[in-house]
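Below is one structure; the comments refer to it alone.
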Amino acid sequence: MSVPIDGVGRVLVVIPTYNEADNVTDIVRRVRAAAPGVDILVADDNSPDGTGALAEAMAATDGHVHVLHRPGKAGLGAAYLAGFAWARGRGYDAVVEMDADGSHAPEDLPTLLAAARDADVVIGSRWTGGAKVVNWPVRRLLLSRCGNLYARLALGVPVTDATGGYRVYRTAALRAMALESVCSQGYAFQVELSRLAHRAGVRIVEVPITFAERERGASKMSPLIVAEALWRITTWGLRDRGVRRGRAGHDRWP
Ligand SMILES: Nc1nc2c(ncn2[C@@H]2O[C@H](COP(=O)(O)OP(=O)(O)OP(=O)(O)O)[C@@H](O)[C@H]2O)c(=O)[nH]1
Ligand SMILES: [Mg+2]
């Protein structure tokens, strides 16, 4: 049903959801308005608040909207991997990652897709010139800035927003990125994919976005998600250094 986007091809926007009943209808409508040619896949982990049924109602009347019902909460990373596999199986040329809570403005999507004409991976960055972060408390700003600094220093990933989750991936790039090794869940998932893209040598570009704090629904962020990111970045960093020094390395998480 999707209409090919000039220079990019058929695009699927994957929106992972868990208890986003207050947001899912609005975000799908906004994506449809901002980029009428793209398809949308809501990847819902059997949300108890009925998000999946709301998405299903939209899918029933709009051929651009699809729903992937997953059995239970298994984390953002697992939902995205399932969405990527769904896209690959249906011949999409590019996949977009977007949160359901409105932090990633669908109105920025045409800019990201335009950048994808000359890139394999486009990262919507909160920390590059021209970007804006609206209504975020200081502790979240600090966490993001420090997390990104640490990711850049530990992994050498040449991006300003390695933890950001508003992205376009060409499916050819995803194929080159050895996704079968991925097993992180929260922010670590975005860092892990940044690292794999860099290691695969694909073209990464960043474009500035306006990122706004969620207005409705509850955050799924937790100290555990931060701890996972810290632990995994440290381990990848040490492993990458070992590999650079010529010791045997392997890409699979132990
Ligand atoms: N399918 C699925 N989606 C999830 C899961 N955890 C989070 N999400 C979705 O992933 C997106 C990002 O989650 P958020 O709770 O907004 O996390 P965040 O953006 O890091 O944190 P905030 O800034 O506090 O909003 C949202 O669309 C969530 O509904 C999960 O386990 N499964
Ligand atoms: Mg959010």
Side-chain angles (χ1 to χ4, degrees), residues 12-31 40-56 58 66-87 95-106 108-109 123-127 132-148 151 161-167 182-194 209-230 232:
L12 180 73
V13 178
V14 179
I15 305 178
T17 55
Y18 190 75
N19 285 347
E20 299 287 1
D22 290 340
N23 293 312
V24 70
T25 307
D26 193 44
I27 199 76
V28 169
R29 280 207 193 113
R30 285 173 63 188
V31 174
I40 299 166
L41 178 70
V42 176
D44 184 65
D45 278 7
N46 201 12
S47 298
D49 72 350
T51 303
L54 288 169
E56 203 58 65
M58 284 183 284
H66 306 274
V67 189
L68 182 62
H69 295 282
R70 296 165 42 76
K73 183 160 170 45
L76 177 84
Y80 269 132
L81 290 177
F84 294 169
W86 197 96
V95 185
V96 175
E97 294 181 348
M98 182 190 287
D99 286 359
D101 58 7
S103 288
H104 301 145
D108 282 340
L109 185 54
I123 299 181
S125 173
R126 295 162 289 188
W127 307 121
K132 278 198 210 111
V133 177
V134 181
N135 282 343
W136 241 16
V138 171
R139 68 184 165 77
R140 289 300 299 269
L141 289 171
L142 276 175
L143 186 63
S144 180
R145 295 306 299 246
C146 295
N148 271 300
D161 201 351
T163 62
Y166 195 6
R167 299 180 174 197
V182 173
C183 59
S184 47
Q185 302 285 325
Y187 291 154
F189 177 76
Q190 305 299 358
V191 180
E192 184 167 17
L193 263 62
S194 305
I209 57 165
T210 297
F211 177 97
E213 170 68 314
R214 72 156 65 232
E215 288 179 4
R216 296 179 300 271
S219 171
K220 280 99 219 167
M221 235 280 274
S222 69
L224 205 66
I225 282 176
V226 178
E228 183 206 22
L230 269 179
R232 289 200 193 274

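Whatever order the structure lists ligands and atoms in, that order sets their numbers, starting from 1.
Considering backbone and side-chain N/O of Asp44, none are found under 3.5 Å from N/O of ligand 1. Geometrically, ligand 1 and Ala218 share no nitrogen or oxygen pair separated by less than 3.5 Å.
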Would you check, one step at a time, whether the test side-chain hydrogen bond (donor to acceptor under 3.5 Å, both in side chains) holds for Gln190 with Thr163?
-> CA-CA 5 Å; Gln190 305 299 358; Thr163 62; over 6 Å; no

Verdict with supporting geometry, Ser144 and Trp136, side-chain hydrogen bond (donor to acceptor under 3.5 Å, both in side chains) | CA-CA 10 Å; Ser144 180; Trp136 241 16; over 6 Å; no

I would like to know whether Leu109 and Tyr166 meet side chain to side chain contact (heavy atoms under 4.5 Å, CB included); could you show each step before the answer?
-> CA-CA 9 Å; Leu109 185 54; Tyr166 195 6; 3.5 Å; yes

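Atoms of ligand 1 lying under 4.0 Å from at least one heavy atom of Asp101, given by number and element, are 16 (O), 19 (O), 25 (O). Shown in contact with Met221 at under 4.0 Å from a heavy atom are these atoms of ligand 1, numbered in order with element: 20 (O), 21 (O). Close contacts between ligand 1 and Tyr187 involve ligand atoms 20 (O) [criterion: under 4.0 Å to a heavy atom].
Protein heavy atom at the shortest distance from atom 5 (C) of ligand 1 is Lys73 NZ, 3.6 Å. Remark: minimum distance from atom 29 (O) of ligand 1 to any protein heavy atom is reached at Glu20 OE2, 2.6 Å. Among all protein heavy atoms, the one lying closest to atom 21 (O) of ligand 1 is Ser219 OG, 3.4 Å. For atom 4 (C) of ligand 1, the closest heavy atom belonging to the protein is Tyr18 CB, 3.9 Å. At the top of the distance list for atom 19 (O) of ligand 1, counting protein heavy atoms only, stands Asp99 OD2, 3.2 Å. Of the protein's non-hydrogen atoms, the one nearest atom 13 (O) of ligand 1 is Arg214 NH2, 4.3 Å. For atom 9 (C) of ligand 1, the closest non-hydrogen atom on the protein side is Pro16 O, 3.4 Å. Nearest protein heavy-atom contact of atom 32 (N) of ligand 1 is Asp45 OD2, 2.8 Å.
One of the N, O or S atoms belonging to Asp101 lies under 2.8 Å away from the Mg ion (ligand 2).
With a 4.0 Å heavy-atom cut-off, ligand 1 is reached by no atom of Arg70. If you look at Ala100 next to ligand 1, the close heavy atoms, those under 4.0 Å, come from the backbone and the side chain alike. Contact annotation: for Lys220 versus ligand 1, heavy atoms closer than 4.0 Å belong to both the backbone and the side chain. For Ala43, every heavy-atom contact with ligand 1 shorter than 4.0 Å involves the backbone, none the side chain.
Under the 4.0 Å criterion applied to side-chain N and carboxylate O atoms, Asp45 and Lys73 are not assigned as salt-bridge partners. Checked for salt-bridge contact, Arg214 and Asp99 miss the test: no charged N lies under 4.0 Å from a carboxylate O.
Considering CD1 of Ile40 and CE of Met58, their distance stands at 8.0 Å, rounded to 0.5 Å. With values rounded to the nearest 0.5 angstrom, Tyr187 atom OH is found 11.5 Å from Glu228 atom CD.
Side-chain contact between Cys183 and Arg232 is present, with heavy atoms from C-beta onward closer than 4.5 Å. Two residues are said to be in side-chain contact when any heavy atoms from C-beta on lie closer than 4.5 Å; Glu97 and Leu193 meet this criterion. Residues Leu68 and Val42 form no side-chain contact, since every pair of their non-hydrogen atoms from C-beta on lies 4.5 Å or further apart. Inter-residue side-chain proximity for Leu141 and Arg126 is flagged as unmet; no heavy-atom pair is nearer than 4.5 Å.
Evaluated by nearest non-hydrogen atom to atom 3 (N) of ligand 1, the leading choice among Thr17, Val14, Ile15, Asn46 is Thr17.
The shortest heavy-atom distance from Arg140 to ligand 1 is under 4.0 Å.
Ring planes of Phe189 and Tyr80: parallel class, angle under 30° (limits at 30 and 60°).
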